Structure formats: structure tokens, C-alpha cells
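Inspection log for the structure reproduced underneath, given as C-alpha cells.
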Amino acid sequence: MSQLREYADEAAQPSERPAGRRLTIGWQHAGRPASLHEHHQRYGPLPGSGRRGRGGLVDAVAAAGLTGRGGAGFPTGTKMAAVASRRGPAVVVANGMESEPASEKDQALLARAPHLVLDGAAAAAQAVGADTVHVCLDRSRTWQVDEVLRAVEERQQARLDPVRLLVHELPRHYVASEETALVRWLNGGEAKPMTTPPRPFERGVQRRPTLIDNVETLAHVALIARFGPDWFRTAGRPGSPGTMLVTMTGAVRDPGVYEIEAGSRIGDVLALSGADQSGSVLIGGYFGTWHAMADIAQLPMTPAGLRPAGAAPGAGVLFALPPASCGITAAARILDYLARQGAQQCGPCMFGLPAIADDFAQLAAGQPKGRPLQRLSRRFGVIAGRGACRHPDGAVQMAASALTAFAADARAHAAGRPCLGAHSRRPDSAQPPIPRPWAEEEWR
Amino acid sequence: MTLRLRLDPIACTGHALCADLLAERIELDEWGFPIILGDVPPGLAADARRAVRACPTLALELLPAQMTREEGARDHERDS
């Protein structure tokens, strides 16, 4: 487990509205999940549905301005309202799959504050008219599954929730955390993305309107249900309120999960982990973009703030590459991983990603066949936007940004002159993490 | 009426009959999968319908071009 650090150190008194840290209160002392009793001491009980009523929470979440913390950043209140407005009983899915290799924040959250996530899921279920919450976890994380099951049992013994909480163990694949893949698996199929429409909010699990939220998003919902939208907005910026969890790894002094105010500048966030700011950074995960840290240090870590740089915060992932490391090699590693992690459903992704991964491997080795930069630029344009999900688009975005951020290195490699970084033998922490294969064939 | 081609990329397995029957609007990428080049004007509607019917995996469909995404979704819901 990674080190956990906080951006502010004030401790909240039991049941008081927390200032500063929100999700990560008490984490520095905890080597285990907070029990239900500890959780209630920390945050107080979740107000009953009577106080806010069905729909009241939807309005509160919309007023709070909470956006999804799983990567897409869609307004959570809008999504809840869309599900609540559909006819018939709804379903809630808590997405704890966290398949992004450079992200650890959802694992850290579930390992410290599972009841906050479950509170949020139960409250959201009542608000949108659902009687069941499906908690989706990666089945290779057996300890996590055990801990969440224990938390669910505690709640059942306390007769806490008026909704059913079901914990599911899904196969581990990069695309298995995509929301239509969760729906397909929960409906008895493989954990592979589906063609949309219909979107899950229209017709999802058991053909019901389905609200799918990342587990961190649901933890924020639990706090909005307790303390209200005005409190939520006391952190962050007007356009991006609240706090968010970020994972910083790679060439940083203190790798781990941090809670930051939304809208903090990238440079300030990186400074928390002691990143060497003369290097480069991958923002947003393996679908994200590479940048020289100096180019983006002043930008706020929000979708709007990063848009001018063509970047997005994604699920709050910052991977720092040391100054002397080869970015082309790092991107080639990631692209090779992404090419193997597709669902093997859509032609442009099945064939296009291995093709550009091979182009990148040739570049990284400094042994290009033909003109790899021209070939890549053509292939990027052909592949993006042609899959059922955004897997090919994300892979292309990451690869294309590497050619921009490491343009000089790319030219050297294309000319058969690998850069110095390509040959330096560095510890693995300097390269993006690639998960070991785990039951790769299995999709059900 | 202008029509819009919609491809289900999961259903498509690259038989590529559509690109033969509607070369004006569908070309193939280097791996043999169709790329849709744009909407179908009335003059090409008959060829487009032939391409849709010829697809062995039923991956191609024709919709009115002005249909919004949500209307498409509702349609989909009614159909199934």
C-alpha cells in the first residue's frame, strides 16, 4: 500500500463539519478500514431519507457542483437527475474497479473509509429510486473484497440501509471498469464495453435505469448528504468545488495518494510529493497526456484549467518521469500495455493499437522501419473515434502527446539515434507501472 | 432526405461489402475496416440501403441525418 499524505493537518472533531481534509480524515493513523463505529464518530450518522427526501439529495449534489471523480468529470447531479427521472425502479453501481495502473486512490479510499463509499451509494440509491447497490471490485484484489464485504456485513447487522448492498468481483482488465462493461457483466455477460446508445442511465442493469458512479464520487455524495452543498463548496474553486484524491507516482520523493482542493495548480500538487519539476509528467492516466512540468505548473488541475494544454485531470493521476528518462520508451511501454488490454471487439482497436504500439517499439529501440513519425500521424487520425468505447481514443491521445512533449527525442529515435535516456538503466519506479498479467483470458 | 450511416464497431468484422457497394461514402482502413466519410445525400440513398442490407453481421444502419442522439436512443429502446 502506498504512503498516504494529506495537504492539511487539522483534525476534525467527531461529527463536526470537516475543514481541510475530508475523505482522508484519520488516514495517517489507520492501517485498516474504519469500523462503522469509528466512521460514525468521524462523520456522524448519515441523515435519514426523511430529512432530505427522495430527490432532495439530487438537488443538493447538483447545487454542490460535484463532478465524477472516475475520470470523465461529468456533473454527478445531472446524472442522478437523469436516472431519477426515468420510469420504473433504478439500480446503483459503485465502480471500485480502478483499472488505471498508475492510480491507487480508490484502493486507498476503500481500504480506509469503506463506509463513506457505502453511505454515498445507499444515499444515492434512495435519491434516485433504487433498491439495490452493486459494488464492483477487481477480483484479483482479494483483501479489498474481504474488507468491503466485512463493511457490508457490519451495516447489515446494524440494519443501517434500506437498500440491498451486493459486492461483485469482476475480472481484471483495463476496459472492464468502463461503465457499459460493468452493466454487461452484471447482466451475466463478459466485462467488455458495449455499443451505445442506450446509455446505462437509460437502460442498464436488468434493463433498469442505472446510476454508475466512481467510489470516490459516492464518498463525496455521502458528505454532501451530511453537510450540504454550501459546505462542499468551501473547498476548491467556484467552477470546480470540493476536494479530490490524486495519485502521484514515478519520480517523486513521496509517492502515494493525496487529497487536494479541486482547482489547485499542478505545480503545487506536484510539490506535495516532492516531484523533480524539471522533468515531465503524464496527467490523467494511461489515456492522458505527457507534458514538461514547467509548461503546465501554473495551470489548475481541472478540466477547464487544463483544456488549453490539451490535458484533463482524469482520475487524478500524475506520473512523474525523471528528467533524464526517455519519454518515448515510457510511452511505448504504456502503448504496448493498452494494445494488449483491448476487449478485442472492434477492428480499429484490435488491429490499430498493436500497429501503433509496434511503431512506438521501433522508435523506442531507435530501429525504425520506413518513416514511423509520418506513419503514426496518419494512423492516429484513422484509429481515434472508431471503437465502441474510448479505449482507442485514449491510447492515441497518450501516444500523440508523447510525440509532442518529447518531440526532439522522437526525431532522434526516428533517425535511428536513440536518446541517452533510452539506455540508462533506471529502477522500475522511473518507468510507468505495468500490471502483471492476471487471468488475462478471463472476461466473465 | 439526407441520411446518416451508423456503424456498430463491435458487430462489424470487416467483410467490407459496404465499401464496394457505397464507395462514395465508405472507404477501408489499412486493416480492412470501414471508415464512414459522411452523410448520404438522396442520390446515394439506394446504394446506401443496398450496403446496409448486404452486411453479413448487420453492423450498418441508416438513420435520418437530423435525428438527435436521444431520439436514436429512444428508437433503439422501442426496437429491442
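Since the structure is predicted, the reported quantities are computational estimates derived from the model, not experimental observations. The chains referred to below are lettered A, B, ... by the order of the sequence lines, with proteins before strands, and numbering in each begins at 1.
- Between chain B and the options A/K192, A/R386, A/Q345, heavy-atom pairs under 4.5 Å are most frequent for A/R386.
- Counting heavy atoms from C-beta outward, A/V382 and B/F33 have side chains that stay 4.5 Å or more apart.
- No more than 12 heavy atoms of other residues, nucleotides or ligands shown are found within 6.0 angstrom of CZ on A/R371.
- A/A355 and B/W31 get closest at one heavy-atom pair: CB-CZ2, 3.5 Å.
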**Item:** Intermediate values then yes/no, salt bridge (charged side-chain N to carboxylate O under 4.0 Å, His left out), A/R378 and B/E30
**Value:** CA-CA 11 Å; A/R378 178 174 52 78; B/E30 60 182 297; 3.4 Å; yes
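- To the nearest 0.5 Å, the span separating CD1 on B/I10 from SG on A/C349 amounts to 10.5 Å.
- Rounding to the nearest 0.5 Å places CG of B/D8 at 7.5 Å from SG of A/C346.
- Atom CE in A/M350 sits 9.5 Å away from atom OG1 in B/T13 (nearest 0.5 Å).
- Contact detail for B/P9 and A/A388: the closest heavy-atom pair is CG-N, 3.4 Å.
- A/P348 approaches B/D29 most closely through the heavy-atom pair CG-OD2, 4.4 Å.
- Atom CD of B/E24 has more than 12 heavy atoms from other residues, nucleotides or ligands within 6.0 Å.
- The environment of CZ in A/R139 is crowded: more than 12 heavy-atom neighbours from other residues, nucleotides or ligands sit within 6.0 Å.
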